[in-house]
Amino acid sequence: MPHRPKPTADRRPPALQPGDVVAVAAPAGPVPRDAFFRGLRILEGRYLVQHDEAIFSREGYLAGSDTRRAAELNRYLRDPRVKAIVCARGGYGLLRILPLLDADALRARPRPLVGFSDVTALLAWAHGTAGVRPIHGPVVTQLAELPAADASALVRLLEEPAPAGPWFRDLKAVVPGRTRGPLVGGNLEVLSRLVGTRYLPRLQGAILVLEEVGERPYRLDRTLTQLLLAGVLDGVAGVVVGCLEKCDEPDGSGPSAAEVVRERLGPLGVPFCFGAPVGHAERNKAFPFGAPALLDATAGTLDLAEGAVA
């Protein structure tokens with residue numbers, strides 16, 4: 001039988017204010033210093049940012065050992081001064097430390113966790129295990145490369161409890177229609193690796209948001225087919241696809257990444273759009289993981305019914 005997570009609570013963490021303490025952690029891949037400090041300056045323009053030299057640790061393709069990375073996150077989760085945790089970068093390795101993380105600390109003192117890509121696993125853990133609403137959004141090493149509007153969108157989600165209203169525009173419909181549901185998803189490859197574990201987010205009734213980088217069309221086909229065969233997409237309310245960065249074959253042969261995703265997910269028959277400004281390319285507009293939203297694929301819009309914080 002396919003894994004069917006039970007519905008979880010969806011608690012919004014308290015809103016931040018300028019000057020609050022924000023911690024930066026490196027729970028996945030090694031952190032490049034130049035990109036990190038460029039992004040750090042943006043965060044420091046509004047918050048008191050805390051990090052230590054250990055985030056530059058390196059063990060192969062990881063930012064230090066599993067023990068180091070889990071201990072760093074847990075230290076910030078247990079620190080009452082820390083009002084939000086932003087990941088320094090994605091990469092690899094978050095799956096390895098999920099069982100080591102202190103969900104009780106996050107339940108007791110909810111705060112936003114921010115990141116994307118490999119951090120999809122951490123967002124799923126926060127929402128599914130601790131019942132706290134995280135934010136799918138830029139990592140620190142990406143912040144300085146994005147339009148200022150994307151940094152502003154992250155700040156808005158961190159600080160403003162009011163419904164954000166219109167959020168994504170100019171989406172391109174594959175299957176028209178309107179639907180409501182919580183926004184769930186992130187990186188396709190990472191999401192697929194949660195199948196069969198207790199960390200897979202509940203997708204029934206959800207608007208599934210997907211992005212990917214560097215996965216060729218045949219690999220996208222295989223990953224999406226696995227999700228379909230596992231039954232975890234049964235009952236999904238809608239689909240919104242962001243950037244599929246560097247996913248086409250370099251020589252232009254065969255079907256494109258978008259064509260594969262359309263062929264695999266179109267038969268679900270639910271409202272389905274491309275074009276969300278989410279992912280590894282020039283845009284990565286944050287969205288609250290688990291927040292109720294309205295997708296109007298016919299009009300090409302997605303509106304947030306609630307914010308990320310309370």
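Just so you know, residue 1 is the first one in the sequence shown, and it goes up from there. The structure displayed is predicted, hence computed values, not measured ones.
In this structure, Tyr61 belongs to a hydrophobic cluster whose other members, linked by side-chain heavy atoms under 4.5 Å apart, are Leu62, Tyr92.
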Take Arg202 and Val184, measure what side chain to side chain contact (heavy atoms under 4.5 Å, CB included) needs, and give me the verdict at the end. CA-CA 8 Å; Arg202 183 175 179 85; Val184 176; over 6 Å; no
Using side chain to side chain contact (heavy atoms under 4.5 Å, CB included), reason through Leu171 and Leu302 one step at a time and then give a plain yes or no. CA-CA 8 Å; Leu171 302 175; Leu302 184 140; 4.3 Å; yes
Run the side chain to side chain donor-acceptor pair (under 3.5 Å) test on Glu211 and Asn187 for me, step by step, so that the C-alpha distance in whole Å, both residues' side-chain angles and the decisive distance to 0.1 Å come before the verdict. CA-CA 5 Å; Glu211 63 85 23; Asn187 182 262; 3.2 Å; yes
Could you walk me through whether Val22 and Val82 pass the side chain to side chain contact (heavy atoms under 4.5 Å, CB included) check? CA-CA 6 Å; Val22 171; Val82 172; over 6 Å; no
Check the pair Thr179 / Val270 against side chain to side chain contact (heavy atoms under 4.5 Å, CB included), numbers first and verdict last. CA-CA 8 Å; Thr179 190; Val270 298; over 6 Å; no
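Residue Pro112 comes nearest to Ile135 through the heavy atom pair CB-CD1, 4.2 Å, listed as atom of the first residue, atom of the second, then distance. When all heavy atoms of Gly307 and Arg133 are compared, the pair lying nearest together is O-NH1, 2.5 Å. Counting all heavy atoms, side chain and backbone alike, Asn284 lies closest to Gly279 at OD1-N, 3.1 Å. Heavy-atom minimum distance, Leu158 versus Val114: CD2-CG2, 4.2 Å. What you find for Val119 and Gly90 is that their closest heavy atoms are CG2-CA, 4.3 Å. Here the closest heavy-atom approach between residue Lys285 and residue Val278 is recorded as O-CG2, 3.7 Å.
In this structure, the side chain of Arg107 engages the main chain of Thr129 through a donor-acceptor pair within 3.5 Å. With hydrogens and angles disregarded, no donor-acceptor distance shorter than 3.5 Å links the side chain of Glu159 to the backbone of Arg156. Looking at Thr120, its side chain never comes within 3.5 Å of a backbone N or O of Phe116 through a donor-acceptor pair. At least one donor-acceptor pair closer than 3.5 Å links the side chain of Glu212 to the backbone N or O of Glu189. At least one donor-acceptor pair under 3.5 Å links the side chain of Arg89 to the backbone N or O of Pro30.
Transitive grouping of hydrophobic side chains (ILVMFWY, heavy atoms separated by less than 4.5 Å) brings Leu244 and Leu210 into a common cluster. In this structure, Leu183 is not a member of the same hydrophobic cluster as Val241, with clusters built from ILVMFWY side-chain heavy atoms closer than 4.5 Å. Residues Leu268 and Val260 fall within the same hydrophobic cluster, defined by Ile, Leu, Val, Met, Phe, Trp and Tyr side chains chained together at heavy-atom separations under 4.5 Å. The hydrophobic clustering, which links ILVMFWY residues whose side-chain heavy atoms are closer than 4.5 Å, places Leu229 and Leu200 apart. Under a hydrophobic clustering in which Ile, Leu, Val, Met, Phe, Trp and Tyr are joined whenever their side-chain heavy atoms come within less than 4.5 Å, directly or via other members, Leu194 and Val213 fall into different clusters.
Within the 4.5 Å cutoff, no side-chain heavy atoms of Leu143 are placed close to those of Arg38. Two residues are said to be in side-chain contact when any heavy atoms from C-beta on lie closer than 4.5 Å; Phe289 and Val209 fail this criterion. Contact check for Leu77 versus Leu113: side-chain heavy atoms found under the 4.5 Å cut-off. Val155 places a side-chain heavy atom less than 4.5 Å from the side chain of Arg46. Inter-residue side-chain proximity for Leu227 and Leu188 is flagged as met; some heavy-atom pair is nearer than 4.5 Å. Using a 4.5 Å heavy-atom threshold, the side chains of Pro288 and Leu304 count as touching. Cys87 places a side-chain heavy atom less than 4.5 Å from the side chain of Pro27. The closest side-chain heavy-atom distance from Val239 to Val175 is not below 4.5 Å.
Atom CG of Leu220 sits about 12.0 Å away from atom CD of Glu259, to the nearest 0.5 Å. Summarising the geometry, atom OG1 belonging to Thr301 is positioned 10.0 Å from atom CG belonging to Asp170; distances are rounded to the nearest 0.5 Å. Remark: Leu122 CG to His127 NE2 distance equals 13.0 Å, nearest 0.5 Å. Rounding to the nearest 0.5 angstrom, the gap separating the OG atom in Ser152 from the CG atom in Leu146 is 11.0 Å. For the atom pair Leu48 CG and Lys83 NZ, the distance stands at 12.0 Å (nearest 0.5 Å). Ile55 CD1 to Arg69 CZ: the interatomic distance, rounded to the nearest 0.5 Å, is 13.5 Å.
Under the side-chain hydrogen bond (donor to acceptor under 3.5 Å, both in side chains) criterion, Arg109 pairs with no residue at all, not counting sequence neighbours. Residues passing the salt bridge (Lys or Arg N to Asp or Glu O under 4.0 Å) test with Asp303 are Arg169, sequence neighbours excluded. For Phe274, the ring pair (Phe, Tyr, Trp, His ring centres under 6.0 Å) criterion is met by Phe272, not counting sequence neighbours. Listed by chain and number, the residues in a salt bridge (Lys or Arg N to Asp or Glu O under 4.0 Å) with Arg216 are Glu249 (sequence neighbours excluded).
With ring centers used as reference points, His136 lies under 6.0 Å from Phe287.
Salt-bridge annotation for Glu215 and Lys246: absent, with no side-chain N of the basic residue lying under 4.0 Å from a carboxylate O of the acidic one. Checked for salt-bridge contact, Glu59 and Arg68 miss the test: no charged N lies under 4.0 Å from a carboxylate O. With salt bridges taken as basic N to acidic carboxylate O contacts below 4.0 Å, one links Arg33 and Glu53.
Remark: of the listed residues Ile85, Asp52, Leu43, Val31, Leu43 is the sole one forming a side-chain contact (heavy atoms from CB on, under 4.5 Å) with Val24. Among the candidates Cys243, Pro147, Pro138, the single residue satisfying the side-chain contact (heavy atoms from CB on, under 4.5 Å) test with Arg283 is Pro147.
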Donor-acceptor contacts under 3.5 Å from residues 93-103 side chains, at least two apart:
{"from": "Arg96", "atom 1": "NE", "to": "Asp66", "atom 2": "OD1", "distance (Å)": "3.0"}
{"from": "Arg96", "atom 1": "NE", "to": "Asp66", "atom 2": "OD2", "distance (Å)": "3.2"}
{"from": "Arg96", "atom 1": "NH2", "to": "Asp66", "atom 2": "OD1", "distance (Å)": "3.4"}
{"from": "Arg96", "atom 1": "NH2", "to": "Asp66", "atom 2": "OD2", "distance (Å)": "3.2"}
{"from": "Asp102", "atom 1": "OD1", "to": "Asp104", "atom 2": "N", "distance (Å)": "3.2"}
{"from": "Asp102", "atom 1": "OD1", "to": "Ala105", "atom 2": "N", "distance (Å)": "3.0"}
{"from": "Asp102", "atom 1": "OD2", "to": "Arg78", "atom 2": "NE", "distance (Å)": "2.8"}
{"from": "Asp102", "atom 1": "OD2", "to": "Arg78", "atom 2": "NH2", "distance (Å)": "3.2"}

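A donor and an acceptor atom, one from each side chain of Gln17 and Tyr47, are nowhere located under 3.5 Å apart. For the residue pair Thr298 / Arg178, no side-chain donor-acceptor distance below 3.5 Å is found, with atom types taken as modelled.
Surrounding CZ of Arg75 are more than 12 heavy atoms belonging to other residues, nucleotides or ligands, all under 6.0 Å away.
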